[in-house]
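Comments concern the structure below.
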Amino acid sequence: MKLILNFYGVIVRISSDEERFENVINLLREDFGYFFGPSLMNEYSQESCIEVNLVNQIEEKFKKRHIYSFKNKSCKFYGLGSIRYCRYSGGSTVVSQRRGSLREFWITGKIVEEVYEVTYLALLSSIGEELDLLGYHRVHALGFTARDQSCIILLPSKGGKSSLAYLLSLDPETKFFSDEMPLLRKGKLFPFPIRFALDSKAIQLLKVDPSGLRIFMRMQYPPKFLIPMKLGQISNAKKLQYVLAGRSKASIAKIEAISSIEMGFNLFMSIVVGMGLCQMTEHMVRLDNIFRLMKIFTFRVLESINVFLESRKYIFQVTNDPNINKMVLEDFLRMQNLGNNKNYILNDLLKKSI
């Protein structure tokens with residue numbers, strides 16, 4: 001069993017000889033379906049490679065004593081150099097190693113659901129790191145285009161991005177870059193679509209029929225219901241025009257001007273720090289990775305400055321009702337589009353009168 005993906009030049013190869021991991025590969029194919037296909041292999045040249053091996057057991061050479069590093073909520077990890085050995089709470093083991101432009105993972109475990117989750121998260125983290133070095137920066141936001149206007153909405157986790165995205169998706173004219181992690185490159189948005197992910201509360205609030213939806217069981221968090229994003233819902237790369245910094249749990253939904261200081265802070269936390277993104281410390285924080293992380297930090301700072309200078313910036317106060325938030329957002333975009341058309345008509349008339 002083998003799966004090959006191409007993330008804008010980052011080639012990912014996932015393989016296993018174990019039948020019990022066949023469903024893990026199938027789920028990953030579904031998660032990253034946008035990046036699967038022969039055409040993508042030719043569209044982007046290989047810049048780096050990530051190899052994931054789902055195995056029955058970890059080789060003896062990796063079982064030697066490693067220096068204990070530290071632990072987080074989900075695992076303990078060992079090794080300060082190029083090899084990192086991780087033990088997760090459910091018993092799964094992940095070993096990662098870097099050799100030049102190649103990063104390798106060996107993953108095993110008795111609980112197949114946990115093997116899938118740690119593989120999925122390790123991929124998001126490592127792909128994100130490699131994309132950063134190629135100039136594609138993930139940002140924890142809802143990214144979409146509507147009425148020929150490209151926007152990102154910066155909201156914290158549980159701030160309502162996916163609920164708003166689901167409601168916007170009911171309009172066939174709205175296209176998405178991602179409901180939680182679009183890519184930014186030189187002020188331009190690139191798609192990183194995975195799927196709409198709603199928790200049980202959102203499913204009830206939005207009256208979504210959960211039957212037939214895939215359930216994503218998570219180790220540390222409540223499960224989510226996954227709704228596939230259709231190919232026709234995905235936007236092509238476009239220049240970023242609007243940045244809306246969200247304030248959640250407001251009493252009234254509205255969009256208004258934002259101070260430069262507040263927007264600068266939001267961009268720093270979202271783009272530079274990557275707040276809310278999957279950035280697994282157990283794989284990224286190593287002595288041999290410090291130079292790469294410093295380089296990524298510099299690239300992200302430059303990207304955030306570019307976005308600050310080139311985009312229109314607003315504050316979006318959102319309520320607990322995603323339907324109200326959607327109406328306010330649509331009214332805002334409608335008015336912006338009307339204003340742009342008026343300016344265009346006026347400029348066109350002035351040119352003809354000269």
Side-chain angles (χ1 to χ4, degrees), residues 139-182 189 191-210 213 221-222 224-227 229-230 233-235 238 240-259 262-263 265-267 269-271 275-277 307 311-340:
V139 55
H140 188 230
L142 165 59
F144 67 98
T145 179
R147 298 179 178 273
D148 295 322
Q149 298 170 105
S150 300
C151 313
I152 58 172
I153 300 177
L154 308 175
L155 276 167
S157 297
K158 300 182 180 180
K161 293 187 300 300
S162 294
S163 296
L164 181 57
Y166 174 76
L167 290 176
L168 291 172
S169 72
L170 301 180
D171 179 359
E173 298 300 316
T174 301
K175 308 296 181 184
F176 294 89
F177 301 99
S178 178
D179 79 321
E180 60 178 337
M181 58 180 86
L189 282 168
F192 196 95
I194 302 176
R195 63 283 182 280
F196 300 116
L198 302 175
D199 58 24
S200 57
K201 183 179 179 180
I203 288 288
Q204 294 177 357
L205 181 63
L206 300 174
K207 299 179 180 179
V208 180
D209 182 6
L213 298 183
Y221 305 98
K224 284 199 171 184
F225 294 84
L226 306 185
I227 304 174
M229 192 179 296
K230 299 177 182 177
Q233 294 177 297
I234 301 172
S235 175
K238 293 182 181 293
L240 173 62
Q241 295 170 284
Y242 295 93
V243 179
L244 307 181
R247 286 181 187 158
S248 58
K249 299 181 180 179
S251 57
I252 300 176
K254 60 181 178 179
I255 298 175
E256 56 189 5
I258 187 173
S259 70
E262 186 173 2
M263 178 53 75
F265 175 77
N266 275 275
L267 291 177
M269 296 303 295
S270 297
I271 300 177
M275 186 67 71
L277 292 174
V307 169
S311 63
R312 295 183 178 184
K313 302 170 286 292
Y314 297 88
I315 189 76
F316 184 11
Q317 295 189 169
V318 298
T319 68
N320 290 327
D321 189 337
N323 291 287
I324 294 177
N325 301 331
K326 173 179 176 285
M327 287 190 295
V328 170
L329 177 61
E330 287 179 334
D331 286 342
F332 169 79
L333 294 175
R334 190 179 298 112
M335 294 303 296
Q336 296 299 314
N337 193 51
L338 180 62
N340 290 339

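This is a predicted model, so every value here is computed, not measured.
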message: The test is side-chain contact (heavy atoms from CB on, under 4.5 Å); show your working for Val307 and Val139 and say whether it passes.
response: CA-CA 12 Å; Val307 169; Val139 55; over 6 Å; no

message: Evaluate Gln149 against Arg334 for side-chain contact (heavy atoms from CB on, under 4.5 Å), listing each step before the verdict.
response: CA-CA 10 Å; Gln149 298 170 105; Arg334 190 179 298 112; over 6 Å; no

Evaluation steps, side-chain contact (heavy atoms from CB on, under 4.5 Å), between Phe144 and Leu333: CA-CA 12 Å; Phe144 67 98; Leu333 294 175; 3.8 Å; yes

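With sequence neighbours excluded, no residue satisfies side-chain hydrogen bond (donor to acceptor under 3.5 Å, both in side chains) with Lys313. Remark: Phe176 pairs with Phe196 by the ring pair (Phe, Tyr, Trp, His ring centres under 6.0 Å) rule, at least two apart or across chains.
The nearest pair of heavy atoms linking Pro322 to Ser163 is CB-CB, 4.0 Å. Nearest approach of Lys224 to Ala197, heavy atoms of both residues: CD-CB, 3.8 Å. When all heavy atoms are compared, the tightest approach of Val318 to Gly159 is CG2-O, 4.1 Å. Looking at every heavy atom in both residues, Leu240 comes nearest to Ser150 through CD1-O, 3.8 Å. A pairwise comparison of heavy atoms in Pro210 and Ile203 identifies CB-CG2, 4.2 Å as the closest pair. Of all the heavy atoms in Arg195 and Asp179, the pair that sits closest is O-OD1, 3.4 Å.
Atom CD1 in Ile152 sits 13.0 Å away from atom OG1 in Thr145 (nearest 0.5 Å). In this structure, the separation between NE2 on His140 and CE on Met275 is 10.5 Å, given to the nearest 0.5 Å. If you take CG on Asn266 and CD1 on Ile315, they are separated by 6.0 Å, rounding to the nearest 0.5 Å. The CZ atom of Arg247 sits 14.5 Å away from the OG1 atom of Thr319 when rounded to the nearest 0.5 Å. In this structure, Ile153 CD1 and Ile255 CD1 are separated by 7.0 Å, a value rounded to the nearest 0.5 Å. Of the inter-residue distances, the one linking Ile324 atom CD1 with Lys326 atom NZ reads 12.5 Å to the nearest 0.5 angstrom.
Side-chain contact between Pro182 and Phe192 is absent, with no heavy atoms from C-beta onward closer than 4.5 Å. Contact of the Gln336 side chain with the Gln241 side chain is not registered, since no non-hydrogen atoms from C-beta on lie closer than 4.5 Å. You'll find the side chain of Glu256 reaches within 4.5 Å of the side chain of Gln317, heavy atoms only.
Counted within 6.0 Å of CG on Asn323, heavy atoms from surrounding residues, nucleotides or ligands total more than 12; the atom is thus considered enclosed. A 6.0 Å sphere centred on CD1 of Ile252 holds no more than 12 heavy atoms belonging to other residues, nucleotides or ligands.
Listed for the Ser178 side chain is no donor-acceptor partner under 3.5 Å among the backbone atoms of Gly143. Between the side chain of Glu262 and the backbone N or O of Ser259 there is no donor-acceptor pair closer than 3.5 Å. Judged by distance alone, the side chain of Lys161 and the main-chain N or O of Leu155 form a donor-acceptor pair under 3.5 Å.
If you run side chain to side chain contact (heavy atoms under 4.5 Å, CB included) between Pro193 and each of Met229, Lys230, Gln233, only Met229 comes through. Residue Leu154 forms a side chain to side chain contact (heavy atoms under 4.5 Å, CB included) with just one option from Leu244, Ile271, Val243, and that option is Val243.
Residue pairs meeting the side-chain hydrogen bond (donor to acceptor under 3.5 Å, both in side chains) criterion with at least one member in residues 165-177, sequence neighbours excluded, do not occur.
Two rings, from Phe332 and Phe316, have their centers 6.0 Å or more apart.
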